[in-house]
Amino acid sequence: MDKTYEPHAIESRWYAFWEERGHFAPSGQGEPYCIMIPPPNVTGTLHMGHAFQDTIMDALTRYYRMKGHNALWQPGTDHAGIATQMVVERQLAGEHKTRHDLGREAFIERVWAWKAESGGTITRQLRRMGASVDWARERFTMDDGLSAAVREVFVRLYEEGLIYRGQRLVNWDPVLHTAVSDLEVVSAEENGFMWHIRYPLVEGGGDLIVATTRPETMLGDTAVAVHPDDERYKNLIGLQVALPLTGRTIPIIADEYVDPAFGTGCVKITPAHDFNDYAVGQRHQLPLLNIFTADAKINDSGPEAYRGLDRFEARKRVVADLEELGLMEDIKPHKLMVPRGDRSHAIIEPFLTDQWYVKTGPLAGPSIAAVKTGKIKFIPENWEKTYFDWLNRIEDWCISRQIWWGHRIPAWYDPQGQVYVGRSEAEIRDKHRLGPEVVLNQDPDVLDTWFSSALWPFSTLGWPENTEALKTFYPTSVLVTGFDIIFFWVARMIMMGLKFMGDVPFREVYIHGLVRDQDGQKMSKSKGNVLDPLDLIDGVGLEELVAKRTTGLMQPQMAPAIEKATRKQFPAGIRAHGTDALRFTFAALATTGRDIVFDMGRVEGYRNFCNKLWNAARYVLMNTEGKDTGLNGGAVELSQADRWILSRLQSTVAEANAAIRDYRFDQVAQALYEFTWNEFCDWYLELSKPVLTDPASAEAAQRGTRRTLVQTLETLLRLLHPLMPFITEEIWQRVAPLAGVAGDTIMRQPYPEANKALDAAVAVTEIEWLRQFLVGVRRIRAEMNIAPGKPLPALLQHGSEEDRERLERQRRALTTLGRLGSIAWLGEDEPAPEAATALVGGMKILIPMAGLIDKTAETARLDKEIAKLRKEAERGVAKLGNADFLGRAPAEVVDKERARVAELQIAVTKLEEQLARIRQL
RNA sequence: GGGCGAUUAGCUCAGUGGGAGAGCACUACCUUCACACGGUAGGGGUCGCUGGUUCGAGCCCAGCAUCGCCCACCA
């Protein structure tokens, strides 16, 4: 093995090995375990959020696979209707063309071509992450099978009356020219104005002043509303006002929707262009006057002077004309919530159109119940509240989109406008006995991308066919996703799963946080703070990184600032850390219910951890390859150190298993890190050295240590495998045969289970004693400024019988690791020489320092130590002096406190004696 | 307006009733034959604030402050 861990060399070979040998496929045996990947956009690229999510899913899949489950991680990609169409339209724009220049068919061909060209990127990147998905089952939301599932669901819902077509106000994106769902509209506060406009009473005698943030919509007003109990206006209800600029008169109506305390208490009502006004209009049978085109320009229903003007242009003109007429009472700055499309960022216009809807009420009820009854569990639980709130207030889902890339709505129209819904035109002709003379035209619209995503948990498994896969893996085990798509996706999968499968789509929903940059900012291209997971894995030069961050920006003027910040944060670019280190970092940061602030220091730390593991393995191999590990007969004798590490390993195994089942990847990572570094490497490997290097040690003891070394490492590798698949496979391939384990790959080996028979409390206490002994000696050495390599004599005093036995067993380890020239007992009453002291329980270690002792330093050291212990002891004494504590605290807590105080007091006494002795020198 | 979350060492975070922790960073010493992507030792925190419950509070309760996120039609 190379002296240094080089991730690239390792990672390039094992993935292909696993894939070629079919290790990602479900074994076909054991309890099913299934995770559906949240399908990324087929033309997308891997970002930190994916890498994080994929790490969690892969860790779970590998864990349960090793646990003997029939594990399937189902891969696939999403066609991402609007997002993908926009990318291709942008490419066309570069050629000075629009999709209309190409025509629908040619445009869709072009999108497929783009998919073919870029569609492999994200799956290649998934492979780099080590994702153990079953590629043989890979699906795409627009492939034939999934498209058939989409049509089937649509037809069945339509036939049941749960899909309908209707004309109502929708969220219209005037730039994309399509309706979007409520969820695709993002409202944010922006600066605007409140215009106060005077509407004269037709009968004369004054006017009403309405307040609005959108003066141009007055051209579509069909009433003015006041509150029925508003004394100011009560007598005007039923009268008419002259709507300025239009020559129309409109009624004054009374509606409780109006808040008399807000603005002037008079509200202009524009039923065709405002959701609230629409509702008011419905109650009062007001006419709907649509004054916009699909581009949000004034249409022919508007006054001639404004026709053809864009909505913002029309606003300026309306305001100017009202001012000229003296009808503009006031203009005040006003902050308002502006709704924008989440893709186009265009201001969304409430717009009257015919659209297809899913009636959600009947689907929401069972979806709420599924979570309430615990058939689906959210982790962390508090997201259930968010889920309930949304489902309780859910509106019907607008599913039609006026774009071209997506599943075409399976509805056809005859020349009379009669609509037919079916799986195909042929089925419809057959069912309705429509001859070839009847021309049928399919609805031009496509479905919301999330419609097909909602079917993902069963459509990927072959539904509507009742396939073996469907029977085996539905309901799936857990859904791993971000909170941002609970409404878009999670809730809708639950609705559709319950509706069509009669069961929940997954039993648990693990909601993870967002990956943020080092300053806690959301990572985004426009902020120039994105990190490409592959750059963390492979490394990237500064110039390339700057170029990546500054090209293709929506706001190119940001480039210099982004470049500056990037150069400052990564003056030398980013070093290669490897997939395993990145995955371990994500695991370590994955605490539940919290966003993660990505910290480069952590990745570096875990890259170092990989290196540590690598070198520990080198040491183990160096001492076991070609040597007798006691697996082929021959006496084997286990030392206390051997028993200790095996015992500690069992605790770690138990901890890892418990934590992973609780989705506490941070705890898994921490337990394994700590065991590997602080116990296995820092202590056990060091303790093995005296045994293996001393020619005088017994063969049986050497075999015991070699066997323990190799078995502990082999187990540790299996423990770490779900988090760090590559390095563990690489090392395991060499270590397993030495440990007597046969197998093709670590990923098909059993995950370790704690073996209680290996618990060894006695050994654990003894090694704890040894550690205290050595730490005491080392501390003296460091604080007395004694060269690390200089052999020292040690004298022991006040030892118990047990201390004497332990010393004999551990003498060699103590002398080697403590660099002690000798260790000898000093009689109880024998005068101690000038020395520095440390305590191990009641036993005193004296390091003679004849003439060398730095009296000031040692006095200071003892003073400090005594003060610390005394303070703790005093606190305990006070506690024990409290009758309430003695009376009310559990006996075991009191006993523990007593023991602790006694121990502290002994230590204080001994150190004080020593201090007195030093002072006399 | 409603809801959720956060506030613990310089930084990133664990810790949910009984001796304040980890990683990184920092200080000193050390190239000792697995590892300088290392070793040994060390410094560093009135656990946001104020009350309360309790024998005992970082942890439970109430209030406050600051920050963040989600939802919502105030024209």
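Both backbone and side-chain heavy atoms feed into the values below; hydrogens, waters and symmetry mates do not. Throughout, a chain's letter reflects where its sequence line sits, starting with A, and its residues are numbered from 1.
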| field | Minimum-distance nucleotide to A:Arg393 side chain [options: B:U32, B:C71, B:C37] | value | B:C71
| message | If you compare every side-chain N and O of A:Lys385 against the phosphate oxygens of B:G2 (OP1, OP2), does one of them come in below 4.0 Å? | response | no
| field | Nucleotide nearest A:Thr212 when distance is taken to its side chain, options B:C37, B:A75, B:A34 | value | B:A75
| Paired nucleotide for B:C33 [Watson-Crick or G-U wobble; both distances under 3.5 Å] | none
| said: By nearest atom, which of the nucleotides B:C37, B:C55, B:C4 is closest to the A:Arg607 side chain? | reply: B:C37
| request: Establish, with yes or no, whether the OP1 or OP2 oxygen of B:A34 is under 4.0 angstrom from a side-chain nitrogen or oxygen of A:Lys689. | output: yes
| said: Contact between A:Leu391 and A:Thr360 at the side-chain level, heavy atoms closer than 4.5 Å - yes or no? | reply: no
| said: Which nucleotide, if any, forms a Watson-Crick or G-U wobble pair with B:A75, using both distances under 3.5 Å? | reply: none
| said: Looking at A:Arg602 and B:C24, is any side-chain donor or acceptor paired with a base atom of the opposite kind under 3.5 Å? | reply: no
| Of the nucleotides B:G18, B:A75, B:A22, which one has an atom closest to the side chain of A:Gln670? | B:A22
| note | A:Glu625 atom CD is separated from B:A34 atom P, nearest whole Å, by 15 Å
| field | OP1 or OP2 of B:G39 under 4.0 Å from side-chain N/O of A:Arg781 | value | no
| said: With a 4.5 Å cut-off on side-chain heavy atoms, are A:Tyr387 and A:Ile511 touching? | reply: no
| message | A quick test of your reading: do over 12 heavy atoms of other residues, nucleotides or ligands sit less than 6.0 Å from NZ of A:Lys627? | response | yes
| query | Is the phosphate of B:G39, meaning OP1 or OP2, less than 4.0 Å from a side-chain N or O of A:Trp677? | reply | yes
| field | Rounded distance in Å - CG (A:Leu817) to C1' (B:G39) | value | 12 Å
| Heavy atoms under 4.0 Å, any strand shown: does A:Asp259 hit a base, just sugar-phosphate, or nothing? | base
| field | Any-strand Watson-Crick or G-U partner of B:A14, both distances under 3.5 Å | value | none
| request: Name the pairing partner of B:C26, where a pair is Watson-Crick or G-U wobble with both distances under 3.5 Å, or state none. | output: B:G42
| request: Output yes when at least one side-chain N/O atom of A:Thr591 is less than 4.0 Å from OP1 or OP2 of B:A14, else no. | output: yes
| said: Please report the distance, rounded to the nearest Å, between CG in A:Asp182 and P in B:C73. | reply: 8 Å
| Between A:Tyr606 and A:Tyr673, does the ring centroid distance fall short of 6.0 Å? | yes
| query | Quick one: which of B:G19, B:A75, B:A34 gets closest to the side chain of A:Arg900? | reply | B:G19
| In terms of side-chain heavy atoms of A:Tyr257, which of B:G3, B:G19, B:C73 is nearest? | B:C73
| query | Is A:Arg664 near enough to B:G15 that one of its side-chain N or O atoms lies under 4.0 angstrom from OP1 or OP2? | reply | yes
| query | Counting any heavy atom closer than 4.0 Å, what does A:Phe262 reach on the DNA or RNA strands: base, sugar-phosphate only, or nothing? | reply | base
| query | For A:Arg888 and B:C55, is the shortest distance between a side-chain N/O and OP1 or OP2 below 4.0 Å? | reply | yes
| task | From the options B:U32, B:A36, B:G3, select the nucleotide whose nearest atom is closest to the side chain of A:Lys3. | result | B:A36
| request: Could you work out which one of B:C35, B:U12, B:C74 sits closest to the side chain of A:Asp599? | output: B:U12
| query | When the aromatic ring centroids of A:Phe378 and A:Trp383 are compared, is their separation below 6.0 Å? | reply | no
| task | Check whether any side-chain N or O of A:Arg594 sits under 4.0 Å from OP1 or OP2 of B:A14, and answer yes or no. | result | yes
| query | What nucleotide, of B:A75, B:C71, B:G68, holds the atom closest to the side chain of A:Arg516? | reply | B:G68
| Watson-Crick or G-U wobble mate for B:G19, both contacts under 3.5 Å | none
| task | Classify the nucleic acid contact of A:Glu892 as base, sugar-phosphate or nothing, counting any heavy atom under 4.0 Å across all strands shown. | result | nothing
| If we call it a pair only when both distances are under 3.5 Å in a Watson-Crick or G-U wobble match, what pairs with B:U7? | B:A65
| message | Check this for me: does the side-chain of A:Lys612 come within 3.5 Å of the base of B:C35 through a donor and an acceptor? | response | yes
| message | Among A:Glu184, A:Glu190, A:Glu189, exactly one meets salt bridge (Lys or Arg N to Asp or Glu O under 4.0 Å) together with A:Arg340. Which residue is that? | response | A:Glu190
| said: Within the 4.0 Å heavy-atom criterion, would you say A:Thr4 contacts the bases, only the backbone, or no part of the nucleic acid? | reply: base
| request: Let me see the working for A:Leu713 and A:Phe680 under side-chain contact (heavy atoms from CB on, under 4.5 Å), right down to the final yes or no. | output: CA-CA 9 Å; A:Leu713 177 61; A:Phe680 187 61; 4.2 Å; yes
| query | So, is A:Arg779 close to the B:G42 phosphate, meaning a side-chain N or O under 4.0 Å from OP1 or OP2? | reply | yes
| said: Mind checking if A:Gly513 touches a base, just sugar-phosphate, or nothing, with heavy atoms under 4.0 Å? | reply: nothing
| message | Strictly below 4.0 Å: does A:Asn611 bring a side-chain N or O up to OP1 or OP2 of B:G38? | response | no
| Nearest of B:C73, B:A34, B:C29 to any side-chain atom of A:Asn276? | B:C73
| message | How many whole angstroms separate atom CH2 of A:Trp390 from atom C1' of B:C69? | response | 18 Å
| message | Suppose we call a contact any N or O donor and acceptor under 3.5 Å apart; does that hold for the side chain of A:Arg778 and the base of B:U40? | response | no
| field | Separation of atom CD in A:Glu381 from atom C1' in B:G3, rounded to whole Å | value | 17 Å
| note | Taken to the nearest whole Å, CD1/A:Ile780 to P/B:G42 is 12 Å
| task | Measure the shortest side-chain to side-chain distance between A:Ile10 and A:Asp580 over non-hydrogen atoms and say whether it is less than 4.5 angstrom. | result | no
| query | Under the 3.5 Å rule, do the base of B:A28 and the side chain of A:Glu783 count as making a donor-acceptor pair? | reply | no
